[in-house]
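We name chains A, B, ... by the order of the sequence lines, and we start the count at 1 in each one. In what follows, every heavy atom counts, from backbone to side chain, and hydrogens, waters and symmetry copies are set aside.
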2 protein chains.
Amino acid sequence: MSREKLRTELRKEQIAQAAIELVAQRGLSGFSVASLADRVGLVPSAIYRHFRSKDEVLDAALDLIQQKLVANTRAVCDETSDASERLRRLLMRHVQMFRENQAVPRIIFAEEPYAGRSERKAITARIIRSYLDRVAEIVRQGQRDGDLRKDLNPATVSIMFLGLVQPAGVLWFVTDGRFDVARHLRSAWEVFHDAIRAD
Amino acid sequence: MSREKLRTELRKEQIAQAAIELVAQRGLSGFSVASLADRVGLVPSAIYRHFRSKDEVLDAALDLIQQKLVANTRAVCDETSDASERLRRLLMRHVQMFRENQAVPRIIFAEEPYAGRSERKAITARIIRSYLDRVAEIVRQGQRDGDLRKDLNPATVSIMFLGLVQPAGVLWFVTDGRFDVARHLRSAWEVFHDAIRAD
DNA sequence: CTGCAATGTGAACGTCCATTCGCTAATGGC
DNA sequence: GCCATTAGCGAATGGACGTTCACATTGCAG
């Protein structure tokens with residue numbers, strides 16, 4: 001009585017996606033091969049038809065996260081050419097992304113840098129870097145356009161931008177969604193925007 | 001051949017402290033009763049003379065973290081009465097606190113909200129809240145003194161302050177300490193301070 | 001239509017880990 | 001200095017989990 005068969009490429013992505021959701025919902029310790037298989041509608045051993053190990057699934061999940069982050073920055077850049085507006089929209093996009101976004105810090109913080117697997121920390125670092133670089137590029141663009149203050153370091157600004165999102169996400173998580181992220185971000189954005197825009 | 005005996009109050013604190021360091025270094029998944037006992041110089045079962053369960057150890061660790069955070073805000077308030085200076089010093093204190101600070105987000109993000117233990121999320125929320133409240137109080141004080149802009153919401157500012165520290169901590173962690181936290185914070189503080197101080 | 005490679009199944013294995021228990025050794029109040 | 005209490009030890013237990021393997025089923029290529 002085997003379930004529907006899927007080609008390994010589709011399955012792989014489906015499994016990686018399920019991994020992200022699972023980690024986001026139950027944390028890394030709730031992320032077992034059994035629960036993963038269950039969520040995809042498979043039996044645990046079937047996972048090993050597509051991945052050599054549980055660790056490999058996590059790596060694939062990280063890949064997927066990176067793709068999503070890139071897609072987000074691309075999208076806002078396509079929507080508008082105004083730097084301030086790009087950043088504001090990117091910020092708002094994060095509100096909707098929180099559920100899967102929670103998986104990022106969870107994977108980052110929970111993984112142990114035990115011998116041999118410390119590569120994942122490097123991978124994570126690269127993901128964050130590439131995201132920050134994209135944000136910094138938006139900032140640089142805004143500086144050229146005269147929209148943003150020219151005396152600010154784009155790298156600093158990009159990290160500060162990340163600092164708008166992150167604590168909001170944490171508060172949202174620990175209060176079980178009771179913290180009004182959108183409200184806070186609107187308020188914080190005003191202060192932040194005021195600080196970085198050209199007068 | 002039993003090791004030195006310690007009174008349970010001392011042991012409890014010692015164990016809680018060891019738990020923080022262990023989580024900070026190896027992550028939540030590296031935090032086992034065995035490794036914990038090892039670090040304290042005991043045998044696993046001995047832990048249960050002082051705590052009813054592993055979860056109880058984590059709760060004690062959270063308690064300890066809260067105490068440390070409170071101590072930090074107290075210290076900067078004692079050092080100076082200038083709101084801006086208080087915040088700046090609090091920020092710099094975090095640089096040195098990172099090692100144990102890493103335990104906070106790790107515990108927050110990695111724990112699963114499975115039935116019955118979701119109280120810990122509430123505890124974590126309370127810790128963060130109390131910290132934010134203290135920061136907000138510093139801000140309010142600064143507004144009364146005319147040091148900080150009066151039109152800003154102290155709650156928003158306190159969360160943004162947290163947003164200065166957090167991403168820096170993440171970057172520091174994923175780059176294995178290669179990211180220059182102090183440098184970034186000096187730069188970011190300038191922008192932030194500019195945004196919140198009264199003109 | 002046939003057969004082989006790709007997927008999926010279920011049982012089994014070994015490991016790790018939290019926790020329990022009976023015993024021993026130290027400590028502190030008397 | 002004596003004894004009860006407290007703290008620590010080591011072995012044992014039971015469950016969860018990652019992974020493997022032999023076998024079943026599916027679906028595509030020819």
Atom [atom1] of [X] and atom [atom2] of [N]: how far apart are they, to the nearest Å?
| X | N | atom1 | atom2 | answer |
| --- | --- | --- | --- | --- |
| B:Gln14 | D:dA7 | CD | P | 13 Å |
| A:Lys12 | C:dT7 | NZ | C1' | 14 Å |
| A:Leu42 | C:dA6 | CG | P | 18 Å |
| A:Arg11 | C:dA5 | CZ | C1' | 17 Å |
| B:Glu56 | C:dA18 | CD | C1' | 14 Å |
| B:Phe51 | C:dA18 | CZ | P | 15 Å |
| B:Leu10 | D:dG8 | CG | P | 11 Å |
| A:Ile47 | C:dG10 | CD1 | C1' | 15 Å |

Show the atom names and distances, to 0.1 Å, of all donor-acceptor pairs under 3.5 Å that link a side chain in residues 33-44 of chain A to residues at least two apart or in another chain.
unit_1, atom_1, unit_2, atom_2, d
A:Ser35, OG, A:Gly30, O, 3.2
A:Ser35, OG, A:Ser32, N, 3.1
A:Ser35, OG, A:Ser32, O, 3.0
A:Ser35, OG, A:Ser32, OG, 2.9
A:Arg39, NH1, A:Glu21, OE1, 2.7
A:Arg39, NH2, A:Gln25, OE1, 2.9

side-chain hydrogen bond (donor to acceptor under 3.5 Å, both in side chains) partners for B:Asp151, two or more places apart: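 Applying side-chain hydrogen bond (donor to acceptor under 3.5 Å, both in side chains) to B:Asp151 gives B:Arg149.
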Of all residues at least two apart in sequence or in a different chain, which pass the ring-ring contact (aromatic ring centres under 6.0 Å, His included) check with B:Tyr48?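 Per chain and number, B:Tyr48 pairs via ring-ring contact (aromatic ring centres under 6.0 Å, His included) with no residue.
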Distance below 4.0 Å between A:His50 side-chain N/O and C:dA6 OP1 or OP2: no
Residues two or more places apart in sequence or in another chain: which of them pass side-chain contact (heavy atoms from CB on, under 4.5 Å) with A:Val76?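 Result, side-chain contact (heavy atoms from CB on, under 4.5 Å) vs A:Val76: A:Arg89, A:Leu90, A:Arg93.
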In B:Leu87, B:Val191, B:Leu91, the residue satisfying side chain to side chain contact (heavy atoms under 4.5 Å, CB included) with B:Leu164 is B:Leu91
Give the B/S/- string for nucleotides 17-23 of chain D, one per nucleotide from 5' to 3', where a protein heavy atom under 4.0 Å of the base yields B, of only the sugar-phosphate yields S, and otherwise -. SSBBBBB
Extract all donor-acceptor atom pairs below 3.5 Å that involve side chains of residues 131-138 of chain B and protein atoms in other chains or at least two apart in sequence.
unit_1, atom_1, unit_2, atom_2, d
B:Tyr131, OH, B:His94, NE2, 2.5
B:Glu137, OE1, B:Arg140, NH1, 2.6

